[in-house]
Amino acid sequence: METLVAFTVGVMAAGSVYLLLSHNLVRVLFGLILLSNAANFVIFAAGGMTEGLPPLIGLGEKALTGVYSNPLPQALILTAIVISFGLLAFALVLVYRGYQELGTVDSDRMRLAEPPHPDQDIPEPEEPGRLHVRDASRRVENLGSPQS
Amino acid sequence: MMDSLILRTATRLLLSLMLLFSFFILLRGHNEPGGGFIGGLIAASAFALHSIAFGPRALRTVLVFDPRSIAGVGMLCAIAAGLFSAVMGDAFLTAGWLHWGEGDAVFHVGTPLLFDVGVFLVVIGAVLTIVLALEEEDV
Amino acid sequence: MLSWYLVAPIAVPMTTAVLCILLATRRDLQRIVSAAGAGAHLVAALLLMAQVWQGGILAGQMGQWPAPFGITLVADHLSAVMVLITGIMGLGVGLYSLRDVDENRERSGFHPLYHVLLTGVTGSFITGDLFNLYVWFEVMLIASFALLALGSEKVQLDGAIKYAAINLVSTVMFLIAVAVLYGMTGTLNMADLAVRVPQVEQRGMMTTVAVMFMIAFGIKSAVFPLFFWLPASYHTPAVAVSAIFAGLLTKVGVYALVRTFTLIFTDDVGYTHDALLVVAGLTMLTGVLGAAAQNEIRRILSFHIISQIGYMIMGLALYTPLGLIGAVFYLVHHIIVKTNLFLVAGVAKRLTGSMDLKKIGGLYKSSPLLAVLFLIPALSLAGIPPLSGFWAKFVLIRASLEIESWVIAAVAILVGLLTMFSMTKIWVEAFWKPHPDGDDRSLSIGDLTVSERVLLIGPIVVFAALTVAIGLWTQPFLDLATRASAELLNPAGYIDAVLGARP
């Protein structure tokens, strides 16, 4: 079982590295989601996989009896899921805001914080127009509408 | 926001049902699978459903309080649950319990419940903050 | 009851953050609570420091669960001094932010996020559990994401996206390393790990895990070749935000490296610490050379953070008593100096309207006080006696000469000189050169309002005084660093304090 999980983790990690190497930030984000799920699998496998009962002490008993599964990896994974959920949700909002403000999700074309050297060529997007800036008038309307 | 009569009608029924279920999961969590986090997620998805059916502004009216404040109150509950043990002279987060009744009918209530309620509120608040931030973009 | 000394520095900023959220609509009250909370945090940190100074390593088991099953909080001298310095910086920058951060950013939640950040940083310093360290890292990380993007200027979003992407990878790396380590040892308590790691039979695998931790913490602490996120983002947010980031965030990574590579991964020193030494040298060099190419004050300073991180890693990599004394001393010195330089840069921007060296000038003439306040941390950073930076560099270079690592000693001296070059550049361009748009374009400190003078200049003066004080009365600080270093090199005390401690 552990071997199977190990291979699954390998495939997931390979896929996520492929996605992380993309220019497109949305793909990078998907890569991160995949990678954090792979990490959860690693915890799961590292905790040792046993076919056992849930680690709950029955009513009136004082200790666990019989074969039970290791509760710690579950606690760790739950924590990790919560944290990566929060971080990735925030990263998604961030990329979306970036798309609205900067008009692109191509990381090569985000050069505001680190302006390119005058001699440097910035590659044009392969399919111009696919990542268009949002209609400006629509954004002005949005700004005008009361929120909350 | 989706303009669908079926969704709206169903949501009216589902909202209260899901909230009830989330409380059940929250209270069940002490001795069996469940607890504040999962309960909070169910409650948050109930509210998110409401927001999809009726729009984010309707959700804010239903919630009354700002989701960030809800998360804040939840956090305060969790901290209070941790600090309560100072009264007993124990370490941070040590559980304190009150017992009523005798025999099989003993009723326990203690700081872990307060902590779980805190987690419940934090999850609702945090999830709804994100949901509203995304929904209100496209009003 | 002693464990409350450990809980307070975490609980205080956490409670402050919550109160700030609840007071979101009442701006004045929120600002008062925020400043008071930062003050209370400093008091809690001082109490912890005093307790550790008198009573030695302090460990507490949360929820009465005995180690290694529950979560342990531990403070040795290193942790305590880091918490104290966090408290000092937290209060200083917190006050500065009252005049620096605009109303829009305050309304979007600057104060709660700031205290969440302090919570995360403090928690990382005090925790004695590896997974708990991961959690505190994430608390810190999510607050730093939000603080970076706060205000949603285009350039900020650009910086924040890159910061977020690279730091998320580091996070996952950390988590995987934790998982593998747990699989091999069955524990995550750091003291328990220190006992069990040497018993593991697969030594090669353990070295691999050590390197995974090195990479994960290396990204956080911005070492060569993993530093690219730092100069891409640190110059974009509000000055108070970049000052607290510059002071504390990368240092948490360095602290984590010091902790794990003195307590847990000490078995294959020949490999891991040599690798760290190479990394340290390259970090120093690339950082300082990168700074030479920049023309914006905060970007120059950002690159200098990187080169200074190299010195701290160097102290750890030498792995001798003197080397670790140097590393601890450098950590404390660097946090004060670097935060202060960012604060000075913020005031310079306020007086001249920009941070681009080509567009400003004349500050020496218009506000000589600011010039002095810049010179103190700048010379300290470069290592000019008798300021704190001199002693920090002196101890480190002496440590490297002691074990005859000539190359790293030479690099350290060379980088000191090059640092001087960058500081001179800021000095000449921003202070001496006349303002490009005419002489009267730079305001003087006297043009600021009284509250601005107190809240903006006050922290800078205090931090500069601290730098001078460490330089002139070095002995108590060296004593502290010596105690910390002795504890790091002989982890038995730490292990006993954690595993032997009754709740």
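Numbered from 1 within each chain, the chains take letters A, B, ... in sequence-line order.
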Exercise. Taking the side chain as every heavy atom from C-beta outward, state whether C/Y134 and A/T79 have any atom pair closer than 4.5 Å.
Key: no

Quiz item: Which bit of C/F145 is near chain A, if near means a heavy-atom gap under 4.5 Å: side chain, backbone, both or neither?
Solution: both

Exercise. Tell me, yes or no, whether the heavy-atom count around C/R27 atom CZ, taken from other residues, nucleotides or ligands under 6.0 Å, exceeds 12.
Key: yes

Quiz item: Would one find more than 12 heavy atoms of other residues, nucleotides or ligands at under 6.0 Å from atom CD of C/Q199?
Solution: yes

Exercise. First locate atom OH of C/Y182, then atom CG of A/L76, and finally report the distance between them rounded to the nearest 0.5 Å.
Key: 6.5 Å

Exercise. Over all heavy atoms of both residues, which pair between C/A179 and A/A46 is shortest? Give the atoms and the distance, please.
Key: O-CB, 3.1 Å

Quiz prompt | Proximity breakdown for C/V178 and chain A, heavy-atom pairs closer than 4.5 Å | solution = neither

Exercise. Answer with side chain, backbone, both or neither: which region of C/A164 has an atom nearer than 4.5 Å to a non-hydrogen atom of chain A?
Key: side chain

Quiz item: Taking every heavy-atom pair that is under 4.5 Å apart, which of C/V180, C/D158, C/I142 has the most such pairs with chain A?
Solution: C/D158

Quiz item: Considering all heavy atoms of both residues, which atom of C/K154 and which atom of A/E101 are nearest to each other, and what is their separation?
Solution: CE-O, 3.2 Å

Quiz prompt | Contacting region of A/A80 [heavy-atom separation from chain C under 4.5 Å] | solution = both

Exercise. Find the distance between CG (A/L87) and CG (C/L168) and round it off to the nearest 0.5 Å.
Key: 5.5 Å

Quiz item: More than 12 foreign heavy atoms under 6.0 Å from CZ of C/F224: is that the case here?
Solution: yes

Exercise. Heavy atoms only, distances under 4.5 angstrom: which of C/S233, C/A149, C/A160, C/G159 has the most pairs with chain A? Name it, please.
Key: C/A160

Quiz item: Among A/V95, A/L29, A/L72, which residue forms the greatest number of heavy-atom pairs with chain C at distances under 4.5 Å?
Solution: A/L72

Quiz item: Rounded to the nearest 0.5 Å, how far apart are CG of A/L25 and NZ of C/K162?
Solution: 9.0 Å

Self-check item: Part of C/L188 within contact of chain A (heavy atom distance under 4.5 Å)
Solution: side chain

Quiz prompt | Distance in Å, C/I161 CD1 paired with A/R97 CZ, rounded so as to fall on 0.5 Å steps | solution = 10.5 Å

